[in-house]
Amino acid sequence: MAKNTPSKLKARLPRGFVDRSAADIRATEAMLAKIREVYERYGFDPVETPAFEYTDCLGKFLPDTDRPNAGVFSVQDDDEQWMSLRYDLTAPLARHVAENINEIQLPFRSYRAGWVFRNEKPGPGRFRQFMQFDADSVGAPGVQADAEMCMMMADTMEALGIPRGSYVIRVNNRKVLDGILEAGGVTDSEQKLAVLRAIDKLDKFGEEGVALLLGEGRKDESGDFTKGAGLDSAQIQKVLTAVFINKIAIDYASDETASEAEKSSFNNPPDAKGYLSNRLLCHALLVNADEGGIPLEGYQELSQIADLVDAAGYGPDRIKIDPSVVRGLEYYTGPVYEAELLFDVTNEKGEVVQFGSVGGGGRYDGLVKRFTGRDVPATGFSIGVSRLMSALKNLKKLQADEVVAPVLVTVMDGDTESLARYQKMTQELRAAGIRAEMYQGNWKKFGNQLKYADRRGCPLAIIQGGDERAEGTVQIKDLIEGKRLSGEIADNVTWRESRPAQVSIPEADIVATVRRMLAEQAEDRARQDGDAGAAQ
RNA sequence: GCAGACGUAGCUCAGUUGGUUAGAGCGUCGGAUUGUGGCUCCGAAGGUCGUUGGUUCAACUCCAACCGUCUGUACCA
């Protein structure tokens, strides 16, 4: 017999993309709400741009004829213009501001959450579609705008339930890195990039690894060789000293010189003997830079940020000046910052994974100017919502209060008059604000209706057959309690006939009874959660 | 992009020095039980062994290419 479906279509998800479950969506929504609340409180307003932009507006990735989709997903419009799916939310914002520059009142403070797309190799925790949540101040030239961004990031982390000490916002300045390279005699742009990449690998390969990458290169465990930046040993030393200064020369503040913010961060993390002072660190950086012949402007800006956040009560446990922060290679022109989690993140297999940053940003003074020709300084940051969510799952800080499944109104008789009665009961429950649904499958198999309710996690089932209707009652079955009782009954006939956890009530009392039973179940859940919490 | 490992049922995995008809557990569906979930028992469906080509009397097994997954690495706005 021939196969009747010879060319059955295979259902498959494109690699690097995921379907999202109800639980994921609800958790994401909860996170977005918390982030939004912080941004709103800081006086930012929502603005949204579309997923597609003309490719030339997005930045450096102009489709070339060989690989038009390298890095970004691109398509050609009817008129042959190249369009691309956005790969971040910053470039589209710059386009929006430039296009509406005459209507927009600067400084323009806005936020947006949205999906972005990158056409690159997916890996664990790395997808080709993921969500970012950005906030930007456009037309804000001073470092006070950058300092504000850092503080807002810190507040956002805490609003999401990440305790102080479990995250840190690290701040650097692109001008610092440029200055170091300049003083080190690194002028070739390829070489500059190689140096920045090497510095960025600190958390992955350690200081020795970075030193190798700054020099000849480094061989990884599989024997693959990565070519280095080719600096000589004097240059390497200069770069390492300037960049890793707070690792090399840890300079703890004494109580006499500490600010209130620094004092409040004392002993946090708990076993720390003292604390690094952002202000003293910046002082040391300036002195060092001066001696090393490195331009001072970047350091002066960092120093201002240190003073600003300190005065606002943000200690180095929350916002830390760190000259090793690199942050992307493209459009940043001044302060750069990134949010890092300080607790271990484990994957499904229970292994600790390198997590990296969960958000970052910086000053991009040139981005709007590309369109307008006039200086429009801007600064902003982005939170990687998808990444952060997988980390929060770990910390058990995800919105835990599960949405309770609907009450199921079962169907005993399928004639229109009966169906109308069931439908009316369902609507009465809904009108009372109770999630409810009428069984929509094959009603003739009553066992399947309860099986459905069980697997769906329904808390209650409403049952009214001919007998109940004749006496004007309904049965309400507590499926949670019934499940518990099932453990005590081995024989199926007894199990069926005993109708466990089932009450008979007058039809008029459905809403009140359902409401009461749901409340009781909620109390039970709360008690169990409490017990579980206490046991930990 | 580069290197390596892997690819057998919806899932987790057996298996074959190349030889009739490829197995198990779990899951799914049906029945025992036409008005009651779970347990138990009985039964069924589900595979061109990743794809294509090659070697061979014979390929799930050997070879090649491709596709996909995973690991490392490169790139990462």
Side-chain angles (χ1 to χ4, degrees), chain A residues 3 6 8 10-16 58-61 67 70-72 84-92 94 116-124 126 128 130 132 193-194 196-197 200-201 204-205 209 213 217-227 326-332 347 349 351 353-354 356-357 360-362 364 367 382 408 410-413 442-458 461-469 475 477-502:
Chain A
K3 284 222 160 174
K8 194 166 56 176
K10 174 151 191 181
R12 61 211 180 102
L13 186 66
R15 69 202 197 98
L58 281 182
K60 72 172 189 179
F61 285 97
R67 300 182 61 210
V72 292
S84 297
L85 282 169
R86 62 187 176 196
Y87 51 77
D88 69 12
L89 298 176
T90 310
V116 302
F117 303 83
R118 296 185 186 180
N119 190 5
E120 53 191 22
K121 181 184 146 185
R126 288 190 65 167
R128 298 205 289 177
F130 54 97
Q132 293 191 333
L193 284 179
L196 293 181
R197 280 185 205 124
D200 206 22
K201 296 276 187 297
K204 214 168 182 179
F205 301 139
L213 283 170
R218 177 181 175 278
K219 199 178 280 190
D220 68 40
E221 50 266 42
S222 75
D224 208 19
F225 186 75
T226 308
K227 197 166 172 298
V326 175
R327 237 10 253 174
L329 306 170
E330 269 321 292
Y331 48 58
Y332 293 123
N347 61 15
K349 294 174 194 157
E351 301 158 340
V353 295
Q354 281 283 342
S357 80
Y364 50 98
L367 219 47
S382 176
L408 185 74
T410 61
V411 175
M412 281 288 196
D413 298 299
N442 178 9
W443 62 272
K444 288 178 183 169
K445 305 247 180 206
F446 186 69
N448 283 352
Q449 301 197 34
L450 287 185
K451 197 192 251 186
Y452 167 83
D454 185 44
R455 295 197 181 172
R456 191 144 163 39
C458 292
I462 311 259
I463 303 165
Q464 187 188 53
D467 299 346
E468 289 85 0
R469 198 166 71 73
Q475 308 251 358
K477 191 177 186 71
D478 184 332
L479 292 161
I480 313 290
E481 177 66 2
K483 193 182 201 68
R484 199 182 62 73
L485 292 174
S486 80
E488 300 163 9
I489 304 171
D491 171 51
N492 185 251
V493 176
T494 313
W495 159 247
R496 293 171 65 146
E497 288 177 354
S498 71
R499 299 188 174 179
Q502 202 164 315

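None of these values were measured; they are calculated from a predicted model. Order of the sequence lines sets the chain letters (A, B, ...), proteins ahead of strands, with each chain counted from 1. We use all heavy atoms of the structure for the numbers below, so side chains are in, but hydrogens, waters and symmetry mates are not.
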Inset, instruction - Determine the contact category for A/K451: base if any of its heavy atoms lies under 4.0 Å from a base atom, sugar-phosphate if only primed atoms, P, OP1 or OP2 are that close, otherwise nothing. - result: sugar-phosphate

Considering only heavy side-chain atoms of A/E120, the closest of B/A74, B/C76, B/U36 is B/C76

Query raised in the report: Contact class for A/G466 vs. all strands (heavy atom < 4.0 Å): base, sugar-phosphate, or nothing?
Result: base

Closest of B/G35, B/U33, B/C75 to the A/K201 side chain is B/C75

Q: Could you check whether A/G447 gets within reach of a base, just the sugar-phosphate, or nothing at all, counting any heavy atom under 4.0 Å?
A: sugar-phosphate

To the nearest angstrom, the CG-C1' distance between A/D413 and B/U36 comes to 15 Å

Closest of B/U36, B/U73, B/A77 to the A/D88 side chain is B/A77

inquiry  = Categorize A/N492 for me: base, sugar-phosphate, or nothing, with a 4.0 angstrom heavy-atom threshold over every strand shown.
reply    = base

Would you indicate, yes or no, if B/U69 has its OP1 or OP2 atom less than 4.0 angstrom from a side-chain nitrogen or oxygen of A/R15? yes

Closest of B/C29, B/G37, B/U73 to the A/K121 side chain is B/U73

Out of B/G35, B/G37, B/A77, minimum distance to the side chain of A/F446 belongs to B/G35

For B/A77, is there a stacking contact with A/Y331, counting only centres under 5.5 Å and planes under 30°?
no

Check your understanding: Distance between the C1' atoms of B/U33 and B/G43, in whole angstroms?
Key -> 15 Å

Which of B/A77, B/U73, B/G37 is nearest the side chain of A/D454? It is B/G37

Requested in this report: Take atom P in B/A74 and the same atom in B/G53, then report the distance between them in whole Å.
Outcome: 39 Å

- [ ] Rounded to whole angstrom, note down the P distance from B/C2 over to B/A58.
- [x] 36 Å

* With respect to the phosphate group of B/U36, does any side-chain polar atom (N or O) of A/W495 fall under 4.0 Å of OP1 or OP2? -> no

Which of B/U36, B/A77, B/C75 is nearest the side chain of A/R126? It is B/C75

Say whether, by atom type as modelled, one donor and one acceptor occur between the side chain of A/D88 and the main chain of A/A91 under 3.5 angstrom. yes

Distance, P atom - from B/C67 to B/G30, rounded to whole angstrom: 42 Å

A/K477 (side chain) donor-acceptor with A/L450 (main chain) under 3.5 angstrom | no

Answer for the Watson-Crick or wobble partner of B/G37, both distances under 3.5 Å, is none

Rounded to whole Å, CD of A/Q449 lies from C1' of B/G37 at a distance of 12 Å

Mind checking the P distance from B/G31 to B/G35? Whole angstroms is fine.
-> 10 Å

Taking a pair to mean Watson-Crick or G-U wobble geometry with both distances below 3.5 Å, B/U73 pairs with B/G1

A/E481 atom CD is separated from B/G37 atom C1', nearest whole Å, by 14 Å

Base of B/G35, side chain of A/E468 - is there a donor-acceptor contact under 3.5 Å? yes

Does A/V116 form a side chain to side chain contact (heavy atoms under 4.5 Å, CB included) with A/Y87? I'd like the steps, not just the answer.
CA-CA 5 Å; A/V116 302; A/Y87 51 77; 5.6 Å; no

When we call it a touch if two heavy atoms are under 4.0 Å apart, what does A/R455 touch: a base, just sugar-phosphate, or nothing? sugar-phosphate

Within-4.5 Å side-chain heavy-atom neighbours: A/R327 and A/S357
yes

Heavy-atom closest pair (A/R118 atom, A/F130 atom, distance to 0.1 Å) is NE-CZ, 3.6 Å

Rounded to whole Å, CZ of A/R496 lies from C1' of B/C39 at a distance of 13 Å

When you measure from the side chain of A/E468 to the backbone of A/G465, do you find a donor-acceptor pair of N or O atoms at a distance under 3.5 Å?
yes

When every non-hydrogen atom of A/P500 is compared with those of A/W495, the smallest separation belongs to CG-CZ3, 3.3 Å

**Message:** Does A/K227 reach a base, just sugar-phosphate, or nothing at all? Heavy atoms under 4.0 Å.
**Reply:** nothing

pair_partner(B/C13), Watson-Crick or wobble, both distances < 3.5 Å, evaluates to B/G23

When rounded to whole Å, the CD to P distance for the pair A/Q502 and B/G35 reads 14 Å

Here the distance between atom P of B/C75 and atom CG of A/L193, to the nearest Å, is 10 Å

*State whether the distance check finds a donor on one side and an acceptor on the other, under 3.5 Å, for side chain A/R197 versus base B/C75.*
no

Q. Quantified in whole Å, what is the C1' atom distance between nucleotide B/A14 and nucleotide B/A9?
A. 13 Å

Notebook entry, point to check: For A/R15 and A/R128, what are the C-alpha separation, side-chain angles and deciding distance, and is it a side chain to side chain contact (heavy atoms under 4.5 Å, CB included)?
Noted result: CA-CA 8 Å; A/R15 69 202 197 98; A/R128 298 205 289 177; 3.8 Å; yes

For B/G68, the nucleotide meeting Watson-Crick or G-U wobble distances (both under 3.5 Å) is B/C6

Check your understanding: So what does A/I463 hit on the nucleic acid, given a heavy-atom distance under 4.0 Å: a base, only sugar-phosphate, or nothing?
Key -> base

Quick note, A/D467 side chain, CB onward, closest among B/U36, B/G35, B/G37 is B/G35

Sorted by position of nearest nucleotide on RNA chain B, 5' first, the leading residue of A/L213 and A/P500 is A/P500

Query raised in the report: When you compare B/C70 with B/U61, how far apart are their P atoms, in angstrom units rounded to a whole number?
Result: 24 Å

Note to self: Counting the atoms with a prime plus P, OP1 and OP2 as sugar-phosphate, which does A/E497 contact under 4.0 Å by heavy atoms, base, sugar-phosphate, or nothing?
What the structure shows: nothing

Considering only heavy side-chain atoms of A/K477, the closest of B/U69, B/A77, B/U36 is B/U36

*Separation between the P atoms of B/C60 and B/G23, rounded to whole Å*: 15 Å

note: A/K445, atom NZ; B/G37, atom C1'; distance rounded to Å ~ 16 Å

- Task: Would you indicate what A/R118 reaches in the nucleic acid, counting non-hydrogen atoms under 4.0 angstrom: base, sugar-phosphate, or nothing?
- Result: base

*Where do A/I463 and A/Q502 land on the side chain to side chain contact (heavy atoms under 4.5 Å, CB included) test, with the steps shown first?*
CA-CA 10 Å; A/I463 303 165; A/Q502 202 164 315; 4.1 Å; yes

Are side-chain heavy atoms of A/Q475 and A/I462 found at a separation under 4.5 Å? no

task = For B/C39, take OP1 and OP2 only and decide whether either is under 4.0 Å from a side-chain N or O of A/K483.
result = no

Separation of B/G72 atom P from A/K204 atom NZ, nearest Å, is 8 Å

> With a non-hydrogen cut-off below 4.0 angstrom, is A/D200 in contact with a base, only sugar-phosphate, or nothing?
Replying inline: nothing

If pairing means Watson-Crick or G-U wobble with both distances under 3.5 Å, then the partner of B/A59 is none

